[in-house]
Structures are given as structure tokens and as C-alpha cells.
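Fair warning: this is a prediction, and the values are worked out from it, not measured in the lab. Just so we're on the same page: letters track the sequence lines, and every chain starts at 1.
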2 protein chains.
Amino acid sequence: MPRPRSLTRQGIAAAALAVIDRDGLDALTMRTAARELGVATMSLYRYVADRDELEVLVIDHVVADLDLSVPDAGWRERLTVLAGRLRAASCAHRGVVPLLLRHRHTSPAALRWIEATLGVLTEAGFTGRRRVVAQRTLVAFVFGALQNEYYGPLAGAGTAAMAQLSIKDFPVLAATARQARELSPEEEFHDGLAAVLVGLERSGVEEPK
Amino acid sequence: MPRPRSLTRQGIAAAALAVIDRDGLDALTMRTAARELGVATMSLYRYVADRDELEVLVIDHVVADLDLSVPDAGWRERLTVLAGRLRAASCAHRGVVPLLLRHRHTSPAALRWIEATLGVLTEAGFTGRRRVVAQRTLVAFVFGALQNEYYGPLAGAGTAAMAQLSIKDFPVLAATARQARELSPEEEFHDGLAAVLVGLERSGVEEPK
DNA sequence: CGCGTAGGTGTACAACGTACATCTACGGTT
DNA sequence: AACCGTAGATGTACGTTGTACACCTACGCG
């Protein structure tokens with residue numbers, strides 16, 4: 001009845017995302033998000049309960065407009081497409097990766113993505129316990145791979161430091177790190193995912209329930 | 001030459017871990033860690049550069065005494081054992097999981113674990129690009145699964161909330177969440193890992209380089 | 001033309017990481 | 001046995017963070 005709201009959760013999410021994209025995740029605070037919107041800090045608390053909810057808002061905004069349709073192809077190809085889109089979205093906003101990892105089971109949009117993968121698995125004949133394992137394994141790999149890219153990128157400073165510092169204590173690791181620099185993140189993700197999907201196809205078929 | 005050190009990095013790590021085990025990860029601060037040791041807060045900075053280094057110290061302490069020997073068995077079984085030990089260690093100190101995820105490429109002990117898995121892969125005939133993909137995929141799954149357990153446990157409040165709240169918007173997800181509650185974390189991890197390893201075995205054999 | 005209600009905000013506080021200056025106690029020299 | 005330089009230990013203090021709380025304020029309805 002009184003005084004209409006001047007902000008929207010969408011707008012708040014977009015502003016917070018803008019801060020992250022411009023100045024990095026560490027720069028996101030209640031104050032910087034509010035300043036980006038031109039309002040006082042405490043105003044945000046009329047829209048979100050606390051910082052965690054703001055974070056969920058952000059990743060929801062990033063994942064919200066994911067295309068969840070699947071191509072007319074085999075289930076492995078379908079899942080590859082879905083996973084690729086999620087990865088593309090997170091790569092477009094590198095800073096949100098830690099938030100995505102933490103809130104992936106809270107964000108409605110992320111849950112919609114999981115629901116979509118479950119739909120594909122179900123159509124492919126996965127049911128019961130086997131479907132549970134397949135879905136959790138897929139999620140573990142996809143988000144684990146995102147985390148790999150974020151905290152220990154193959155081509156970046158991560159392997160550079162690794163390849164140099166540890167050549168004596170970690171001979172195989174150092175050699176592998178050197179080879180790894182020739183592998184693009186896309187290739188790594190794609191090949192790894194392919195292996196996981198092959199494994200899911202073969203496994204568990206002899207134990208129906 | 002003057003005044004010998006009164007603390008050890010080992011002792012500091014143990015104290016910080018004790019705080020985490022007793023009061024949770026959020027309770028770990030420079031002040032609480034120092035109080036646990038009976039020294040002033042700033043004394044810690046004679047041993048670590050900043051909080052990040054303290055965190056690395058903690059996870060190094062947790063992973064340090066992992067048994068890295070492998071049984072006399074096939075490479076898949078060997079990797080299963082290695083992964084299982086890492087998981088067991090992190091389950092014994094639930095609170096360190098986020099630290100382990102963040103610093104897994106920084107902690108020497110964690111790198112030793114990775115080196116061990118690489119050794120197994122190498123003996124199994126993995127080389128070049130195929131070895132890189134296998135190792136990164138394995139790491140992605142293992143740490144992704146830990147994160148699954150930590151942030152969205154199957155049997156805990158995570159699926160409980162999911163199974164209830166989303167029964168209309170996420171039909172498959174809700175059904176799966178209900179089934180998932182009958183699956184122990186150990187089974188989930190073991191079955192998922194088995195699938196990943198099978199996939200790694202099959203994949204990439206026809207592309208030698 | 002008020003008036004109540006809910007949105008907006010300013011102030012304030014506890015807790016955090018840590019820079020800095022200072023105190024202190026020991027090993028090596030005499 | 002006395003001292004002295006050095007590096008460990010510490011107390012204080014500052015900037016930042018999330019957010020509780022009390023206070024204004026502007027609009028839709030009567």
C-alpha cells in the first residue's frame with residue numbers, strides 16, 4: 001500500500017554481477033553492490049536476508065537464461081551440450097565460479113539445470129539407484145572440472161609454478177604439468193566428460209536395483 | 001641466534017585443526033588459533049605469512065599422513081584405494097573440506113597424493129595427453145564428490161529440503177532426491193568412481209597423442 | 001487532505017585480518 | 001659472569017566487513 005519498491009531482485013543481481021565482472025569476486029560487498037545501484041547499503045536488506053542470499057541471487061542470474069533444450073541426439077551428446085552450456089555461462093563470468101560451487105544446490109536456476117540433466121538420464125533409461133549415482137557423478141565431475149579450471153588452470157600460472165617448483169619432489173607431476181599446458185580447457189573438459197559418460201553407460205547395468 | 005622459536009608449524013596446524021573440529025570452520029580465526037596455542041594473535045605471523053598460509057598448513061596436516069602405498073592389484077583398484085583414503089581423511093575432519101578444495105594445488109601433501117595417482121596411471125600405460133585428461137578427470141570427480149557431500153549431502157537436510165520444496169517445479173529431481181536418501185555416501189562415492197575409472201579405461205585409446 | 005505502513009537510510013557495533021612499534025629473552029662473545 | 005645484538009613475542013590500532021536497530025519519508029488509500 002505505501003511507497004512502492006524502487007529496486008528489483010533482478011536489478012540487484014545484475015549490479016552485483018557487474019561489480020564481480022569489473023573488480024573481481026573479492027570486491028563484492030554489501031556496500032559496493034549498493035553503491036553500484038545508487039542506494040544506501042542497508043537498502044539491500046529489504047530485498048535479501050543476508051549476503052548469502054545475495055550470492056544466490058547472483059548465480060541465479062547467471063544461470064537463469066541457460067538454454068535447457070536438448071538436441072535431437074543420443075543422451076551422451078545431450079548431456080554434453082547441457083554441460084557445455086553451463087560451463088560457457090560460468091566462463092563468461094569467471095568470478096562467480098566459487099559462488100556457483102557453493103550455492104549449486106540452493107539456486108533455483110541451478111536446480112533447473114540439474115532437473116534437465118535428470119530428464120535426459122531418465123529418457124535414456126536410467127532409473128532408481130543407477131540414476132542417482134549417474135546424476136551425482138555427473139554433477140561431481142562438472143563442478144569439479146570448473147573448480148579445476150578456476151583454482152588450478154592448466155595453461156595459467158598454476159601449472160607454470162607447478163612445472164618449475166616441483167621437478168625434483170614430483171617428477172611425474174612436473175612432467176604432466178608441462179604436457180598439460182598444450183591442452184586447452186575446452187578439450188580437457190570435453191574429453192573428461194566423454195570418459196565419464198562412457199563410464200556411466202557401462203556401469204551398473206548388471207545391478208538393476 | 002637469539003630466542004629459539006616456541007612453536008612449530010606442525011603444532012600450529014594441529015591447533016587450528018582442533019578449533020575446526022571442535023567449533024567448525026567458521027570458528028577458525030587468527031585469534032582463536034592463537035588462543036588455542038596460548039600465545040598472542042600476532043605471534044602466528046612469525047610462522048605464517050597470512051591466513052591463507054595457515055589454511056594450507058591445516059590441510060597439509062590433514063593430508064600429510066595419508067598412506068600412499070598401493071595394493072598389489074589392477075590400476076583401477078589402486079586408484080580406488082588412494083581416492084578412498086583421501087576421502088576418509090576429509091570425512092574425519094569434515095570442516096576442512098572447503099579448505100581442501102581451495103588449496104589442493106598448493107598443499108605439498110595434496111600434491112604428493114596427486115603424484116601418487118599419476119604414478120598409478122603411468123604404470124597403467126597412460127601417457128601424454130591421455131594421462132593429463134585422466135588425471136584431471138579423476139581429480140575433478142574426487143573433489144567434486146567431496147563438495148557434493150559437503151554442500152548437498154544425500155541423506156541430510158539437503159535432500160530433505162529438496163525432496164519437499166520442489167515436488168511440483170522439479171518432479172524428477174524430487175523423486176530422485178527421495179530415492180537418494182537410501183544411498184550411503186560411501187556407496188555413492190564408490191559407484192561413481194567406478195564408473196569414472198571404467199570410462200577412463202575405454203576412452204582415448206584410439207587417439208595415441 | 002491526512003495517515004498508516006512499509007521502503008529507505010544513518011549510525012553504530014562486533015569481529016575480522018594484519019601493519020607497526022615495542023618489549024623481551026636467549027646464544028654467543030668477551 | 002656480564003653483556004649485547006637479534007629475532008621471537010606481543011599490545012595497540014586501523015581499515016573493512018556484515019548487519020542490528022532506530023529513525024525518517026513518501027506514497028496509496030480513506
Side-chain angles (χ1 to χ4, degrees), chain A residues 1-61 95-96 98-99 101-103 106-107, chain B residues 1-61 95-96 98-99 102-103 106-107 151:
Chain A
M1 301 83 186
R3 183 109 90 131
R5 304 179 84 100
S6 66
L7 303 176
T8 66
R9 287 167 67 95
Q10 293 266 349
I12 293 174
L17 182 59
V19 171
I20 295 176
D21 286 340
R22 181 171 10 97
D23 303 322
L25 179 56
D26 288 348
L28 178 66
T29 69
M30 290 296 171
R31 291 172 227 266
T32 56
R35 189 174 311 131
E36 184 79 17
L37 289 161
V39 299
T41 306
M42 293 307 293
S43 302
L44 294 184
Y45 286 91
R46 297 280 162 187
Y47 300 84
V48 297
D50 52 20
R51 181 183 216 258
D52 266 8
E53 207 175 301
L54 175 66
E55 293 181 354
V56 173
L57 226 56
V58 170
I59 73 127
D60 225 64
H61 187 256
V96 306
L99 304 185
L101 297 169
R102 186 151 59 243
H103 300 297
T106 316
S107 151
Chain B
M1 297 82 184
R3 182 111 88 135
R5 306 179 82 100
S6 65
L7 303 176
T8 65
R9 287 168 66 95
Q10 292 266 350
I12 292 174
L17 183 58
V19 171
I20 294 175
D21 285 342
R22 181 171 8 95
D23 302 323
L25 178 56
D26 288 348
L28 177 67
T29 70
M30 291 294 172
R31 292 170 225 264
T32 56
R35 188 174 313 133
E36 183 79 16
L37 288 159
V39 299
T41 305
M42 293 305 294
S43 303
L44 295 183
Y45 286 90
R46 295 279 158 187
Y47 299 85
V48 296
D50 52 20
R51 181 183 215 257
D52 265 10
E53 208 173 302
L54 175 66
E55 293 181 354
V56 173
L57 225 58
V58 170
I59 74 126
D60 225 62
H61 187 257
V96 305
L99 304 184
R102 185 151 59 243
H103 301 295
T106 316
S107 152
Y151 288 113

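- Against DNA chain D, the stretch residues 12-47 of chain B makes heavy-atom approaches under 4.0 Å through B:V39, B:A40, B:M42, B:S43, B:R46, B:Y47.
- Using modelled atom types, no side-chain atom of B:D52 and backbone atom of B:E55 make a donor-acceptor pair closer than 3.5 Å.
- In this structure, CG on A:L99 lies 12.0 Å from CG on A:D60, to the nearest 0.5 angstrom.
- The CG atom of B:L25 lies 11.0 Å from the CG atom of B:L17; values are rounded to the nearest 0.5 Å.
- A straight line from CZ of B:R51 to C1' of D:dT17 spans 14 Å, rounded to a whole angstrom.
- Look at B:R3 and you won't find any side-chain N or O under 4.0 angstrom from OP1 or OP2 of D:dA7.
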Next item on the list: Evaluate the side-chain contact (heavy atoms from CB on, under 4.5 Å) criterion for residues B:V58 and B:H103: first the C-alpha distance (whole Å), next the side-chain angles of each, then the deciding distance (0.1 Å), finally the verdict.
Entry: CA-CA 10 Å; B:V58 170; B:H103 301 295; over 6 Å; no

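- One interatomic measurement links the two molecules: CG of B:D50 to P of C:dA19, which rounds to 8 Å at whole-angstrom precision.
- Identified under the salt bridge (Lys or Arg N to Asp or Glu O under 4.0 Å) test for residues 24-41 of chain A, with sequence neighbours left out: A:R22-A:E36.
- Between the side chain of A:R9 and the backbone N or O of A:Y47 there is at least one donor-acceptor pair closer than 3.5 Å.
- What separates CD of B:E55 from P of C:dC16 is a distance of 14 Å, to the nearest Å.
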